[in-house]
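Worksheet: one structure, shown below.
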There are 2 protein chains.
Amino acid sequence: MIRRKRSVTIKHVAADAGVSFQTVSRVINNESGVRPEMKQRVQASIDKLGYVPSIAAQRMGGSRSYLIIALNDRERTIADWRARQGADWVDQMLLGGMLKCHEYGYRMIIELVDTHSDHIERELAAAIASLQPDGVILTPPHSSNPLITGLLAEHHISFARIGSLDPGPGFALTMDDERAARLATDHLVELGHRRIGFIAGPEEYELSMWRVDGWKAAMARAGLAIDGLLGGGDFSLASGAVAATALLSGTDPVTAIIASNDQMALGTLEAARALGIAIPHDLSLISFDDTPIVRVTHPPLAAIVQPIAEVAARSVELIIAERAGKAAPGEPIVVPASLVLRNSTAPAPARD
Amino acid sequence: MIRRKRSVTIKHVAADAGVSFQTVSRVINNESGVRPEMKQRVQASIDKLGYVPSIAAQRMGGSRSYLIIALNDRERTIADWRARQGADWVDQMLLGGMLKCHEYGYRMIIELVDTHSDHIERELAAAIASLQPDGVILTPPHSSNPLITGLLAEHHISFARIGSLDPGPGFALTMDDERAARLATDHLVELGHRRIGFIAGPEEYELSMWRVDGWKAAMARAGLAIDGLLGGGDFSLASGAVAATALLSGTDPVTAIIASNDQMALGTLEAARALGIAIPHDLSLISFDDTPIVRVTHPPLAAIVQPIAEVAARSVELIIAERAGKAAPGEPIVVPASLVLRNSTAPAPARD
DNA sequence: ATGAAAGCGCTAACAA
DNA sequence: TTGTTAGCGCTTTCAT
């Protein structure tokens, strides 16, 4: 059997500093009502003994748990990890969210729950009961699930909805997918393209629609028709290839394609290669997400960059601020995506 | 101020089932000495109320914390996340480790600590005091850091050392880098290559040496000289390009290169392209790690696949088993890497 | 400004 | 086999 070395507790510090352990608690939590000299003495003991409060005990005492859950879709996340296709959504969440958590003494715990499960509430309720997090960060497609947001609201747990524009409880954060799609479309319009195809993502994700809307809006503003220019896929490479082939095969093929994610852009790349269509000479291509793979393809792809790390960091800040009474949910917070150009776009080929 | 909805506790279950809360505790922990009918009654109440124990309270009660820390190098991990070059080490750790944790009701928390920091012990001690984890998974270059392993041993915390062959406390797990390098070298030898270059990684990582050793061993066994065939880099693309250029530029250039990681392999790819050397026709290339990017390069690269997910899963199993008295550290556990072939290797070009 | 007492939800050692 | 008691380390009242 394993017995752990007894670690330094608040009592050790109190004894060392010659004060009651209440005072130590006050110092830890930076509460007012402690004489500076007292505070200094206590802090000296804390440093000397290397004391760090146990978050389990802090939670038990009725305070915060210093835990924030990042809730992701199980099926999709695991599939991405297994496929090893370069999706780094989780990594970017950690980069932004975890590091921000540590600034405030919090930890981030990743939880996976099934979107399609009928016991989604049970799963989430279990995670809440088990960890008693101070906050939850919701990612698509959970962000707009009323079962989830309702449960969190009921439990009075702060939460952020990444990629959701719905009104309702929790902080809404968006990377403005509509604007991002317009950005991409505008760039192609400026290059002289008139037949700009768009490969949409699955409807399950609200952002799929927003992206389509942005493309439509930009096309309309440029006075361009969109008949027959909208394809659709399920975010997989194969589906992108199918959609791209259709867009490239008609009597009046597109000269540019915007794909709703990188995998479908890779599919487009393959389809073009199979058809003997050169990128960017014959076809301009812009992708969504800017995951690592699009930098090493031939050519490297222009892409919409999603500021996932920043959104995650903001989410953490908002959650912590709300618990401190320094913030409250309101209008959606926009952290705009940007367009990075690489060698996959060029002026539209001359018409025959 | 936020007040959380009072959740279901062990007492509610006890009241509902009409037993003492001890009995409930016994059922939760699957202890012996509870009549089946009693157990069933309690379980029914648990299910009915949707009770899930609080891990904070469980920890406070003197039991496990159900937390396992995955300790990674801060500098390198953050750099990888920022660079977005496709390194998916953390993802694979989560895939293997986190999912295995959940099978046992544990959670995995990622912690980053600085290797080069002089207060590495303080950082780790703080994490331990704060979270009181039941186990820690060490990754290179922490795995062999005596400051870390010593501290963990002192605290009697179970831990796994991934990529370490040292004797000493904790479970040692290895992907047998030496054998992996031999595997790659043997494949090239079989293809008729005689001048097989090797680009080593930085010495800070023990595995760098092991890989070199494997290459040397395989070369020796094939009766091949290695003079001038060993290059070195720092795992960056640029360093790989420099090393590859050197190996490819002499009077007697190599016909095959093994790079100690994917980025250096990409560098080799660039160097070869710059020199007008075709892969695999003029040069065969094998990489280490098999991160996502090597599937979309031209050509896709043959690579040594590191079973990181599996090693992480085994680590979790061992840690949990040790706490249950069902396992104890012993000889290093080998989870062998494998070689996946793609279109980057070919028979050695005919000699002039 | 500081200290004392009670309790958070659970497990462990003991008693019945 | 079950229930009782005493903590775990901390934060909250409430006194002083």
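A note on names: the letters A, B, ... follow the listed sequences, proteins ahead of strands, and every chain is numbered from 1. These numbers come from a predicted model, not from an experiment. Just the heavy atoms: all of them, side chains too, but no hydrogens, waters or symmetry mates, feed the values below.
Across all their heavy atoms, A:Ile137 and A:Ala312 have their closest contact at CD1-O, 4.1 Å.
Remark on the helix from C:dA1-D:dT16 to C:dA16-D:dT1: inter-end axis angle 40°, axes from five-pair C1' superpositions, rounded to 10°.
Of all the residues in residues 19-27 of chain A, A:Phe21, A:Gln22, A:Ser25 reach under 4.0 Å from DNA chain D with at least one non-hydrogen atom. Annotation: proximity of residues 28-37 of chain B to DNA chain C (heavy atom, distance under 4.0 Å) is found for B:Asn29, numbered in ascending order. Listed in residue order, the members of residues 44-57 of chain A having a heavy atom less than 4.0 Å from DNA chain C come to none.
For the pair A:Pro169/A:Leu152, no side-chain contact is recorded, criterion being any heavy-atom separation below 4.5 Å from C-beta on.
Every pair tested for ring-ring contact (aromatic ring centres under 6.0 Å, His included) that includes a residue from residues 126-146 of chain B fails, sequence neighbours excluded, so the list is empty. Applying the salt bridge (charged side-chain N to carboxylate O under 4.0 Å, His left out) test to residues at least two apart or on different chains, the pairs with a partner in residues 12-23 of chain A are A:Asp16-A:Lys48. Note on residues 119-128 of chain B: pairs passing salt bridge (charged side-chain N to carboxylate O under 4.0 Å, His left out), not counting sequence neighbours, are B:Arg74-B:Glu123.
Qualifying side-chain hydrogen bond (donor to acceptor under 3.5 Å, both in side chains) partners for B:Glu103, counting only residues two or more places apart in sequence or in other chains: B:Lys100. With sequence neighbours excluded, the residues forming a side-chain hydrogen bond (donor to acceptor under 3.5 Å, both in side chains) with B:Thr23 are B:Ser20, listed by chain and number. B:Tyr106 is linked by a ring-ring contact (aromatic ring centres under 6.0 Å, His included) to B:Tyr66, counting only residues two or more places apart in sequence or in another chain. Qualifying side-chain hydrogen bond (donor to acceptor under 3.5 Å, both in side chains) partners for B:Glu75, counting only residues two or more places apart in sequence or in other chains: none.
Nucleotide C:dC10 holds its C1' atom 14 Å from the CD atom of B:Gln132, rounded to whole Å. The CZ atom of A:Arg41 sits 9 Å away from the P atom of C:dT2 (whole-angstrom rounding). One interatomic measurement links the two molecules: CZ of A:Arg59 to P of C:dC8, which rounds to 12 Å at whole-angstrom precision. Straight-line distance from the CG atom of B:Leu131 to the P atom of D:dG9: 16 Å, rounded to whole Å. Between the CZ atom of A:Arg323 and the P atom of D:dT11 there is a distance of 14 Å, rounded to whole Å.
Interatomic distance, A:Glu154 CD to A:Thr149 OG1, rounded to the nearest 0.5 Å: 11.0 Å.
At distances below 3.5 Å, at least one donor-acceptor pair connects side-chain atoms of B:Arg161 with backbone N or O atoms of B:Asp166. A donor-acceptor pair under 3.5 Å is formed between the side chain of B:Asn145 and the backbone N or O of B:Leu147.
Of the side-chain N and O atoms in B:Gln58, one or more sit less than 4.0 angstrom from OP1 or OP2 of C:dT11.
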Could you tabulate the donor-acceptor pairs under 3.5 Å formed by side-chain atoms of residues 37-44 of chain A, not counting sequence neighbours?
unit_1	atom_1	unit_2	atom_2	d
A:Lys39	NZ	A:Asn30	OD1	2.9
A:Arg41	NH1	A:Ala17	O	2.5
A:Gln43	NE2	A:Asp47	OD1	3.1

